[in-house]
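Data block below; observations after.
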Amino acid sequence: MEMIGKLLANRYEILEKIGEGGMAYVYKARCKLLNRLVAIKILKEEYAKDEMFVKRFRAEAQSAASLTHSNIVSVYDVGTDGNINYIVMELLENKTLKDYIEEHGALSSEITLKIAAQIASALETAHRAHIIHRDIKPHNIILNKNLVAKVTDFGIAKITNTTSATITSFGSTMGSVHYFSPEHAKGGYTDEKSDIYSLGVVMYEMATGKLPFDGESPVSVALKHIQEEPEEPAVVNPNVTPALNQIILKAMAKSTAERYQNATALLTDISIALSKPNTMIARNTTSVEAGATQVIPTISSDMYSSEKAIPNIRTRQPGNGTRSSYARDNRSPNEPFSKDDAEDEKIKKKKDKKKNLIIIAVFAVILILICTFFGIKIAKKISADKNSNSEVEIPSLVGKSYEEMVKIYKEQGFEVLQDSEEYDEEMEAGKIISQRPEAGTMTKDRKIYVIVSKGVKLVEVSDVTNKDYKVAKYELEDTKGFKVEKVEVISDKIAAGIVISQEYKNEMRPYGSTIKLNVSIGDGKTSVVMPNVLGATEEVAKKTLEDKKLTVSVKTGEDSTKANGIVIAQSYPENQELKEGDLVEITVNRLLKTKTVTLKMSDLLGGKQEEDAKVRVTASIDGGPTNNVFNEQTIPVSQSSISFDINGYTSAVLTIYVDGEAVSTRTENFN
């Protein structure tokens, strides 16, 4: 749904999109009623029909709106317009802590502690109200130029004193996995100490410029939070003070019993670390928390095998089938040979002799063949060894077909072997990119190793329009392997840093080629810092703001404790970064005054009053509409004057009517 230019709830004019989260879009808008700029978070259409997400969205408003703290973003309004669910919040046009870390790298221990103290103070207030943030991360911490931190995005906050189901499925667990507490990663019960763990991860990232745990997938990162100990911050960055090192490790303790029990205790140690950076912070000694899971080793069984006895059965083979043979094989050992037996024995010996001669002849032929075969092999080997000892010149194979070269040079005694395959923008697929040894080299080794082209690597260009430039650059360069060229474009509709358009998208382009991105730099207006005009007169305040090229809107208020005519409120705090032309609203103190007006009847009648007269008086006070201030009354001859009170700030114009006719006009000042 296109929101730019839409008037939400007949009050909020949507100006531009400034951000996007998992559940909602964030827009910059102008409140028509109070004439001020605000941020509006609008639930995405795909979640608007999901009752669970709508409840979470409204819970964010309820959670944040109930909190008042200088380090928590203020919530002004929440509502529904048709099927649009929205939250109206304080507009903070500054950087996130994540942006600050990416720009500056590891922060000093002092700055880390000061920023952490502000976040911990905000959590202390939230926890006292029984609200757990559950998504503390640098992306949800806003910093201004003076490093004043504000916690935002209570989108998955939990009210601790209400009944709620524990989300045990990792796929359903909400939050950012790099900052999960171990109990959050398990999908278990989360409380104040879970926020403290997440703050410990944020402090680790501030102090070292790196995350304590990273991995190829959200699940692998979550498992590291549960199972692994982080490398000590002082090891990653030797400039980390001992006190800060201990605070981070204590905040990130796996066991909730060993962690800080509340934000107040953390603030106490931060205060000590700021004044005594080399102090060793005490650790909690309890090592086992209630309900902790214990690991029981798995017992494995021995493997056994059995052998089956295979019976050795001998079968007697019959002789040549004749009776005498059978009889001979089966006669008794002491039985004498007969004549037939002697004849059979003679025949048998002749056959055995003939058989032996055949066997000898066959073996002789086989031996001759074997000798011939090995003789040829030995001769070839001698020839090959002789050839191998002679040097040959390596041919040039670059740019030629790999398959063809294998066939051609095999016949010439070379062995062409593929070393690897690589993408190449210039070389056609299947052709040789390079070889070793190089062409022209003299060598006895006839093996040539080549790298074969896979052709040009084509990668699909993602559509990164409407994304933050840093996200788009990471997606195209780090993920897809393209080179990004940034073209800055002035836009009064698209927030600074957002990609307006791109040269190619949703099409295949060569890996490593350049993609141009047109990126908004905002309206091109110069940034200005909001001055403090509280206590100044209206005239001085307007001049101060207009000198900075800001547009000024004045409204009045009443504060009996302040002097009349001075500024008692301004729509932006001191040091807030604005743009030239931005509207700034100031509230000037106007104390209502009362004045008694007395009118002589003789003056009204132009002489002595001789009879009763009907008198009515109207007034326009401070330039406002005309109303009766003295309702029509009959004034007797005996009454010489009339009196009545009027209320205003500067002046009133009175019109006096006698017997229905206007007889006089006069101005009364309230000074």
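If you take CZ on Arg509 and CD1 on Ile515, they are separated by 6.0 Å, rounding to the nearest 0.5 Å. Here CG of Leu417 is found 6.5 Å from OH of Tyr402. Values are rounded to the nearest 0.5 Å. With rounding to the nearest 0.5 angstrom, the CG atom of Asp424 is 12.5 Å from the CD atom of Glu421. A distance of 11.5 Å separates CE in Met206 from NZ in Lys98, rounded to the nearest 0.5 Å. The NZ atom of Lys95 sits 12.0 Å away from the CG atom of Asn144 when rounded to the nearest 0.5 Å. The distance from the OH atom of Tyr27 to the CE atom of Met3 is 6.0 Å, given to the nearest 0.5 Å.
Taking 4.5 Å as the limit, every side-chain heavy atom of Glu20 sits out of range of all side-chain heavy atoms of Asn466. You'll find the side chain of Gln246 reaches within 4.5 Å of the side chain of Leu249, heavy atoms only. Between Val519 and Val487 there is no side-chain heavy-atom pair separated by less than 4.5 Å. In this structure, Arg436 and Asp419 have side chains that are in contact, with non-hydrogen atoms separated by less than 4.5 Å. Residues Pro212 and Val236 have side chains not in contact (no heavy-atom distance under 4.5 Å, counting atoms from C-beta outward). Side chains of Tyr409 and Leu397 form a contact here, defined as non-hydrogen atoms less than 4.5 Å apart. Between Lys549 and Thr526, every side-chain heavy-atom pair lies at or beyond the 4.5 Å cut-off. The shortest distance between side-chain heavy atoms of Gln412 and Val392 does not fall below 4.5 Å.
When all heavy atoms are compared, the tightest approach of Pro218 to Val177 is O-CG2, 3.3 Å. Across every non-hydrogen atom of Tyr204 and Pro230, the tightest pair is CE1-CB, 4.2 Å. Nearest heavy atom pair, residue Ala251 against residue Gly200, reads CB-CA, 3.8 Å. Contact between Ala207 and Leu244 at its shortest, heavy atoms only, is CB-CD2, 4.1 Å. Closest of all the heavy-atom pairs between Ile226 and Pro182 is CG1-O, 3.9 Å.
Remark: the backbone N or O of His133 is paired with a side-chain donor or acceptor of Asp195 at under 3.5 angstrom. Judged by distance alone, with hydrogens and angles left aside, the side-chain atoms of Ser198 form a donor-acceptor pair with the main-chain N or O of Tyr179 at under 3.5 Å. Put simply, the side chain of Asp463 gets close to the backbone of Thr465: a donor and an acceptor are under 3.5 Å apart. Between the side chain of Ser520 and the backbone N or O of Ile494 there is at least one donor-acceptor pair closer than 3.5 Å. Within the 3.5 Å criterion, the main-chain N or O of Ser453 finds no donor-acceptor partner in the side chain of Lys431. One N or O on the side chain of Thr443 and one on the backbone of Asp445 form a donor-acceptor pair closer than 3.5 Å. Between the Ser220 side chain and the Gly215 main chain, no donor and acceptor come within less than 3.5 Å of each other. The backbone N or O of Ala495 lies less than 3.5 Å from a partner atom in the side chain of Glu16, making a donor-acceptor pair. Judged by distance alone, with hydrogens and angles left aside, the side-chain atoms of Ser181 form no donor-acceptor pair with the main-chain N or O of Tyr197 at under 3.5 Å. The backbone N or O of Ile4 sits less than 3.5 Å from a side-chain atom of Glu2, completing a donor-acceptor pair.
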- Task: Run the numbers on Leu211 and Val221 for side chain to side chain contact (heavy atoms under 4.5 Å, CB included), then give the verdict.
- Result: CA-CA 11 Å; Leu211 287 163; Val221 176; over 6 Å; no
- Message: Walk me through whether Lys483 and Ser513 qualify under side chain to side chain contact (heavy atoms under 4.5 Å, CB included).
- Response: CA-CA 6 Å; Lys483 295 175 184 177; Ser513 58; over 6 Å; no
- Task: Walk me through it: do Ile84 and Lys6 pass the test side chain to side chain contact (heavy atoms under 4.5 Å, CB included)?
- Result: CA-CA 12 Å; Ile84 300 175; Lys6 184 178 179 64; 3.6 Å; yes
- Take Glu411 and Lys407 through the test salt bridge (charged side-chain N to carboxylate O under 4.0 Å, His left out) and record every step on the way to the result. CA-CA 7 Å; Glu411 297 173 357; Lys407 294 177 182 177; over 6 Å; no
- Check against salt bridge (charged side-chain N to carboxylate O under 4.0 Å, His left out), Lys137 and Glu205: CA-CA 10 Å; Lys137 58 184 178 181; Glu205 188 175 0; over 6 Å; no
- Verdict with reasoning, Leu123 to Val151, per side chain to side chain contact (heavy atoms under 4.5 Å, CB included): CA-CA 9 Å; Leu123 290 178; Val151 180; 5.6 Å; no
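Other residues, nucleotides and ligands contribute at most 12 non-hydrogen atoms within 6.0 Å of the OH atom of Tyr474. For Glu103, the CD atom counts as densely surrounded, since its 6.0 Å shell holds more than 12 non-hydrogen atoms of other residues, nucleotides or ligands. Shown here is Glu46, whose CD atom has more than 12 heavy atoms of other residues, nucleotides or ligands within 6.0 Å. Counting non-hydrogen atoms of neighbouring residues, nucleotides and ligands closer than 6.0 angstrom, the NZ atom of Lys454 exceeds 12 such neighbours. No more than 12 heavy atoms of other residues, nucleotides or ligands lie within 6.0 Å of CD in Glu403, so this atom counts as exposed by the packing criterion. For NZ of Lys470, the number of neighbouring non-hydrogen atoms (other residues, nucleotides, ligands) closer than 6.0 Å is greater than 12. The number of heavy atoms from other shown groups lying within 6.0 Å of CD (Glu438) does not exceed 12.
Because its NZ or CZ atom is both nearer than 6.0 Å to the ring centre of Tyr511 and within 45° of the ring axis, Lys457 counts as a cation-pi partner of that residue.
Listed by first and then second residue, the salt bridge (charged side-chain N to carboxylate O under 4.0 Å, His left out) pairs that reach into residues 226-235 come to none, sequence neighbours excluded. Applying the salt bridge (charged side-chain N to carboxylate O under 4.0 Å, His left out) rule to pairs touching residues 471-482 yields Lys467-Glu475, Lys473-Glu477, sequence neighbours excluded.
Gln435 meets the side chain to side chain donor-acceptor pair (under 3.5 Å) test with no other residue; sequence neighbours excluded.
Side-chain N/O atoms of Thr80 and Asn85 include a donor and acceptor closer than 3.5 Å. Between Asn237 and Thr208, the side chains place no donor N or O within less than 3.5 Å of an acceptor N or O (distance only, hydrogens not considered).
For the side chain to side chain donor-acceptor pair (under 3.5 Å) criterion with Ser194, the lone passing option out of Arg259, His184, Glu183 is Glu183.
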